[in-house]
Amino acid sequence: MNAMSGKSGMRKLFGTDGIRGVANQPPMTAEVAMRLGRAVARKFVGSGYRGRIVIGKDTRLSGYMLESALEAGIVSAGADVMLVGPLPTPGIAFITSSMRADAGVVISASHNPYQDNGIKIFASDGFKLPDEVEAEIEELMEADTGGGGTADVGKATRVDDAAGRYVQFLKNAFPRARTLDGVRVVVDCAHGAAYQVAPMVFAELGAEVILLGVKPNGRNINDGCGAMHPEVLGQEVKKHKAAVGIALDGDADRLILCDENGVVVDGDQTMAILGTRMLDAGTLPGNTVVATVMSNLGLERALAAKGGRLLRTSVGDRYVVEAMREGSFLLGGEQSGHLVFLDQSTTGDGVLAALRVLAVMVEEARPLSLLAKTMTRYPQVLLNFEVAEKRPIDELPTVQKAIASAEAAMGSEGRVLVRYSGTERKARVMVEGQDERTIKAHAETISETLKRALAAR
């Protein structure tokens with residue numbers, strides 16, 4: 001696959017991961033959140049039944065505003081609200097499913113700066129919504145005429161033990177025959193949603209935990225810390241002579257690791273470590289790992305060497321999960337650190353992923369630096385540039401010719417991907433191969449060709 005435009009639909013508000021934007025500006029306003037709350041209640045709660053909808057959030061200052069607006073919208077439509085407060089996105093999905101709620105709503109902009117915020121929705125089973133259901137919710141929002149009568153008003157309660165329930169779930173995901181006794185870990189929670197639960201999980205499993213990013217003030221989420229800035233974590237790992245560094249993002253649905261030398265280990269390498277072990281154990285359904293078109297060719301090669309295969313999807317962890325469910329696969333994720341284990345969770349979970357890697361480290365008594373050598377990374381060059389319009393790439397013959405030329409030159413030892421961003425007016429050209437100088441030249445040629453083709457009329 002050499003060119004993509006991504007999945008599309010009739011949605012106006014929802015993007016690849018819910019609704020997202022600058023807080024207190026459209027569409028991230030209290031007014032939109034209230035209408036969304038009513039639409040979610042009307043979509044997921046049947047007539048004559050007072051359903052329950054979970055609301056959770058990360059640590060952004062604007063979370064209070066959006067939480068209150070969503071709560072007001074939901075109760076005005078006759079449903080009850082269960083508030084869990086700051087909790088990782090996967091924790092909210094877990095609570096939604098385990099407490100048999102009708103839906104779950106997450107207020108978070110994930111790895112974005114504090115000025116942004118977002119809203120994403122889980123169905124009662126803890127899975128993100130498909131495009132067509134999000135489109136139905138938008139239709140309900142457009143048709144919104146306000147709440148019902150006095151008798152239809154719901155109520156809101158707080159789930160005080162939500163964090164404890166999630167911590168217990170995570171601890172049970174670690175092999176019962178193992179502990180983390182004597183393992184020193186540095187954990188960076190990005191001043192985000194995991195600032196309470198992640199330290200508890202690792203400490204209660206026996207690890208010696210050194211903490212970073214656990215003092216949220218509403219404005220410092222992802223600011224120079226967490227999965228977006230693992231270089232800080234790497235320095236602390238070396239300073240404290242830790243076995244591993246664990247970096248989460250603002251809503252803790254992604255994981256980036258640092259080995260004992262402070263070297264970054266990304267999502268592709270983590271999937272290679274876990275996928276090859278599952279292949280060896282015969283526990284990888286279909287001998288398949290699911291990842292996106294952005295995942296490194298080295299992951300594909302590592303799996304193939306063990307008799308496995310890599311199934312690629314469009315960019316976005318929701319598309320990875322959809323493919324996993326369709327094929328009954330258990331392991332999938334993204335290079336950016338979204339890692340999904342469908343035998344234990346319904347969405348990306350950074351803490352769960354870290355526990356899976358730590359289990360391998362303990363069982364094999366090998367440092368992460370050696371485990372990471374499971375995969376040999378191919379050099380990648382990624383060029384991004386703004387575009388005035390997103391004309392279909394397969395309708396641009398000069399671009400197709402440039403792509404074909406690069407692919408022919410690299411053969412089976414290279415890969416080209418040209419696509420548009422799903423959230424920005426940008427084109428992305430990625431070329432992967434054995435020689436960095438060569439792939440950079442190919443990427444620049446394709447980029448310039450695309451720019452000229454888009455400028456021509």
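Note: hydrogens, waters and symmetry copies are ignored here, and every other heavy atom, side chains too, is used. Given the structure is predicted, the values throughout are model-derived calculations rather than measurements.
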Q: Measure from the side-chain N and O atoms of E138 to the backbone N and O of F14, and report whether any donor-acceptor pair falls under 3.5 Å.
A: yes

Q: Flag the pair D280 and K306 as a salt bridge only when some basic side-chain nitrogen lies within less than 4.0 angstrom of an acidic carboxylate oxygen.
A: yes

Q: Is it the case that the side chains of D349 and Y166 hold a donor-acceptor pair, with the cut-off being a distance below 3.5 Å and no angle test?
A: yes

Q: With no hydrogens and no angle check, do the side chains of R184 and H240 hold a donor and an acceptor under 3.5 Å apart?
A: no

Q: Under 6.0 Å from the ring centre and within 45 degrees of the ring axis: does the NZ or CZ of R428 meet both conditions for the six-membered ring of Y420?
A: no

Q: Between the side chains of R52 and T157, is a donor N or O closer than 3.5 angstrom to an acceptor N or O?
A: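 Not at all, the side chains of R52 and T157 share no donor-acceptor pair under 3.5 Å.
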
Q: Using 4.0 Å as the upper bound for N to carboxylate O, is an ion pair formed by R312 and E300?
A: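 Looking at E300 and R312, the cut-off is met.
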
Q: Side chains of H191 and N222: is there a donor and an acceptor less than 3.5 Å apart?
A: no

Q: Go through the side-chain N and O atoms of D125 and S97 and say whether any donor and acceptor fall under 3.5 Å apart.
A: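 On atom types as modelled, these side chains do not qualify, holding no pair under 3.5 Å.
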
Q: If only atom types and distance count, is the side chain of N220 paired as donor or acceptor with the main-chain N or O of N217 below 3.5 Å?
A: yes

Q: Suppose we screen for side chain to side chain donor-acceptor pair (under 3.5 Å). Which residues come up paired with T179, at least two apart in sequence or across chains?
A: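 Scan of T179 (side chain to side chain donor-acceptor pair (under 3.5 Å), adjacent residues dropped) gives D181.
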
Q: Would you please say whether a donor-acceptor pair under 3.5 Å links the side chains of Q269 and R377?
A: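 Yes, a side-chain donor-acceptor pair sits under 3.5 Å.
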
Q: Hey, are N296 and E432 close enough side-chain-wise for a donor-acceptor pair under 3.5 Å?
A: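 Yes, a side-chain donor-acceptor pair sits under 3.5 Å.
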
